[in-house]
*Asks:* 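Please see the structure below; I have some questions.
Please read all numbers here as calculations on a predicted model, not as lab measurements.
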Amino acid sequence: MSSIIAENIKAEQSDCWEEQLERTDNTPPSQQLTIISTDHWLRCWFEELILPTSRYLHSDVKYIDIATGSLAEHIELVKCALHERPNAVCFACTDCAMQVYSATVAVINQEVLDKEWTNLAGANFHCFFLATNKLACRTLVAGCNDLTFAAVRDSDQNLPKLGVDGFFKPLDECGSKGVFKYSSSGETPNPQYNSSGSRMAMGSKKSIVSDPILAKLASRHAELGDLLDPEIVGLVEEYVSPESRRVVISIDGYVWNGKIYHYCISDNVYKEKEGKPEEFSHLVTPSQRLTAQEIEACWKKYDIVCSDLVRRGLNNQFLDVEAFILKQRSSEDSIVVKTMEVNARTFCNQLPMFSQLFGGETGFEGCMLSAAADMLHGIAPPMSILDDAEGTNTFSSRILLPMGGEGTEAGKQAKVGICAYLPAVPGCPVLVRGFQVSYYCVEGFEAQVYGIGTSEEMALKRCKEFYNLMK
C-alpha cells in the first residue's frame, strides 16, 4: 500500500475489531444485541461499516466468534450467550452464522431446557435448511422449480443429462465453490463419483448435511424424507446463459408477525462490457436496471417463495431471493423471473450499504441490521409501520425507482451503493475507510470495496479510485 496523506482516510489493522465503539453506560436491556462474527465477517466490519449508521450504535453489543471450532461448540456458545443475557437477541447475517443460530434455536426448543426463553426469534431451522440445501429448495419450495434440475448421487459415474447445458452444484458447499458449467453434449464425469460403491454414512463429508447435529435436526421434518439419502451429493440444473438473461437481481424482504413486507431489490452485475459475462463485477443497491413492470414481477416471485416458507414457520426475519430476469417473454408476453437461489437471512454482502444508504441521518429509517434486530426484540421495524399506515410497498417504492426515475422525494436525490469485488491488495490492512468509500478484505477472500454516489457510475468510479490508492 502506498503512502496516503489524506485526513478522510482511516486505516484499520487486522486486529481492528479489538477497538470498542463508545457506548452509553445506561443502555436499556431491550437494546442488548449479540452478533455472530465469522472468518469473513469480522467484528470491525460491523463496528466500522454498519453499526455507526444503525439504531444500535449505542447498544450493549457483544460478539460470538465462530471462525474456529465445531458446530457443537458454536451452538453451546450461542446457548450460553442467550441464557446469560436473556434480554439480548442474536443476529446472524450469513449462512454459516444462521446455520449455527437456527440449529441452536431448534436444539433449545427440543430440549425445553428453560420455558422462559424469550429471545429465540428470527430463526427457523426447517426453513433455513430448505433455503440453503439446493436440491431441497428446488424440489419443495414454491416458485423455485422453474429451472430443469436433477439430483446427483455418488454412484453416478457421469452427471445427469438435462437436454440443455447444465450447472453442477455440490450440496454441502456455499457460494460458487465447486460449481461448474457443463455441456449437454457428450458425457461429463461426476466429480464426486464413489467408485468403491460403499455407502456413505449420514453426516459424512459427502452427505447432504455435513454434521450429525444437522442430520438429526433435518430428519425431524418428514417432507425432507428421501432428500436426506446420504448418496445424494449434489444437483445439476439448467444453465441460464448471459445471452438469455436481461439482469440478475437480489430481492430482499422480511416477515413481521406473519406478514410479508418488501424491502429492496439490488443488481448483481457481471463483466459483460469487458467481454467476461460470467465473471462477477459488483452489486448495486437499489437496482438501477428495472422497469416498473419488472419490479412488480420480482415482488410477485418473492411473495410466492416467501409465502411457502411462512407457512412452514418463517417469521420475524429477512429473506433474500436471487433471480434471473430473462430477455424472452412468456407466451402471454409477461416478464419471466426465474429463481436462482434462496437465502433465509439478510443479504450480508450489502449490509454496509443498506445501513449507510437507508440508516443514520438519511431519513429513511431503513437500516437492514436495525430492522432485523428490532424484529428479534419483538419491535415492529419503522418500515413496516410506514407500510401499514400508508399502504403496501410504501417504503420499497421510495427507495427503489424504475429506470429513468428521479429522486426519491422532492429536492432529495437518490443515492446508490456499490460493493465491488476486486483482487486483494497485498499488505493492505483489513479495513480502510475514506469519504463514502471503504476497502474491506480478509485474508483468503476477495476484496470488497464499498462506495456511495448519486449514480452507479459515480459510486463505481469512487470504488476503483480508492482501490487504486490501496496499491
Side-chain angles (χ1 to χ4, degrees), residues 38-40 70-71 94-100 102-103 125 128-141 144-145 147-162 164-184 186-215 217-219 224-240 248 268 278-280 320-322 324 338-345 348-349 444-446:
T38 71
D39 60 343
H40 188 192
S70 66
L71 177 62
T94 191
D95 282 342
C96 60
M98 184 56 85
Q99 175 176 278
V100 171
S102 64
F125 179 80
F128 171 79
F129 187 92
L130 282 169
T132 307
N133 183 273
K134 303 170 182 68
L135 182 59
C137 188
R138 290 283 182 208
T139 304
L140 298 172
V141 180
C144 296
N145 64 345
L147 293 177
T148 305
F149 69 96
V152 178
R153 299 174 178 275
D154 64 4
S155 57
D156 295 331
Q157 188 170 354
N158 296 307
L159 296 180
K161 290 186 177 182
L162 301 175
V164 293
D165 289 349
F167 241 40
F168 170 76
K169 296 182 177 182
L171 293 186
D172 284 338
E173 298 292 356
C174 296
S176 59
K177 188 176 180 182
V179 171
F180 64 87
K181 174 191 172 186
Y182 71 99
S183 174
S184 59
E187 300 289 351
T188 302
N190 176 8
Q192 298 197 24
Y193 172 56
N194 177 17
S195 59
S196 68
S198 60
R199 289 294 297 265
M200 305 295 293
M202 178 69 79
S204 67
K205 186 175 181 180
K206 286 190 176 182
S207 173
I208 194 168
V209 286
S210 56
D211 188 280
I213 295 174
L214 300 181
L217 292 174
S219 67
L224 296 178
D226 296 339
L227 296 172
L228 297 178
D229 185 338
E231 277 197 355
I232 300 175
V233 292
L235 85 158
V236 290
E237 63 183 34
E238 177 184 345
Y239 173 67
V240 180
V248 183
N268 298 356
E278 294 182 7
E279 188 173 327
F280 193 64
D320 169 76
V321 176
E322 296 181 55
F324 306 99
K338 296 200 172 187
T339 303
M340 181 165 65
E341 63 180 57
V342 179
N343 301 297
R345 52 166 172 77
C348 53
N349 293 281
F445 295 90
E446 274 191 301

*Asks:* One thing to verify: whether Asp320 and Arg345 come together as a salt bridge, which I'm taking to mean a side-chain N less than 4.0 angstrom from a carboxylate O.
*Replies:* no
*Asks:* Could you tell me whether the side chains of Asn343 and Glu322 share a donor-acceptor contact shorter than 3.5 Å?
*Replies:*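 Asn343 vs Glu322: donor-acceptor pair found between side chains.
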*Asks:* For Ser183, what residues pass the side chain to side chain donor-acceptor pair (under 3.5 Å) criterion, not counting sequence neighbours?
*Replies:*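 For Ser183, the residues satisfying side chain to side chain donor-acceptor pair (under 3.5 Å) (neighbours in sequence not counted) are Ser185.
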*Asks:* Only counting residues at least two apart or in another chain, list the ones meeting side chain to side chain donor-acceptor pair (under 3.5 Å) with Ser184.
*Replies:*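 Applying side chain to side chain donor-acceptor pair (under 3.5 Å) to Ser184 gives Asp165.
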*Asks:* I want to check something: taking the side chain as every heavy atom from C-beta on, are Asp154 and Ile232 in contact at a cut-off of under 4.5 Å?
*Replies:*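 No, every pair of side-chain atoms sits at 4.5 Å or beyond.
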*Asks:* Of all residues at least two apart in sequence or in a different chain, which pass the side chain to side chain contact (heavy atoms under 4.5 Å, CB included) check with Ser70?
*Replies:*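 Ala72, Glu73.
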*Asks:* If we ignore hydrogens and angles and just use 3.5 Å, is the side chain of Asp229 paired with the main-chain N or O of Asp226 as donor and acceptor?
*Replies:* no
*Asks:* Evaluate the criterion side-chain contact (heavy atoms from CB on, under 4.5 Å) for residue pair Phe168 and Leu235; output intermediate values, then yes/no.
*Replies:* CA-CA 6 Å; Phe168 170 76; Leu235 85 158; over 6 Å; no
*Asks:* Considering residues at least two apart in sequence or located in another chain, which fulfil the side chain to side chain contact (heavy atoms under 4.5 Å, CB included) criterion with Glu187?
*Replies:*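 Asn158, Lys161.
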*Asks:* Only counting residues at least two apart or in another chain, list the ones meeting ring-ring contact (aromatic ring centres under 6.0 Å, His included) with Phe167.
*Replies:*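 Counting only residues at least two positions away or on another chain, Phe167 forms a ring-ring contact (aromatic ring centres under 6.0 Å, His included) with Tyr239.
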*Asks:* Can you list the residues that meet the side chain to side chain contact (heavy atoms under 4.5 Å, CB included) rule with Cys144, with sequence neighbours excluded?
*Replies:* Cys137, Val141, Val305, Thr339, Val342
*Asks:* State whether the side chain of Glu237 and the backbone N or O of Phe149 hold a donor-acceptor pair below 3.5 Å, judged by distance alone.
*Replies:* no
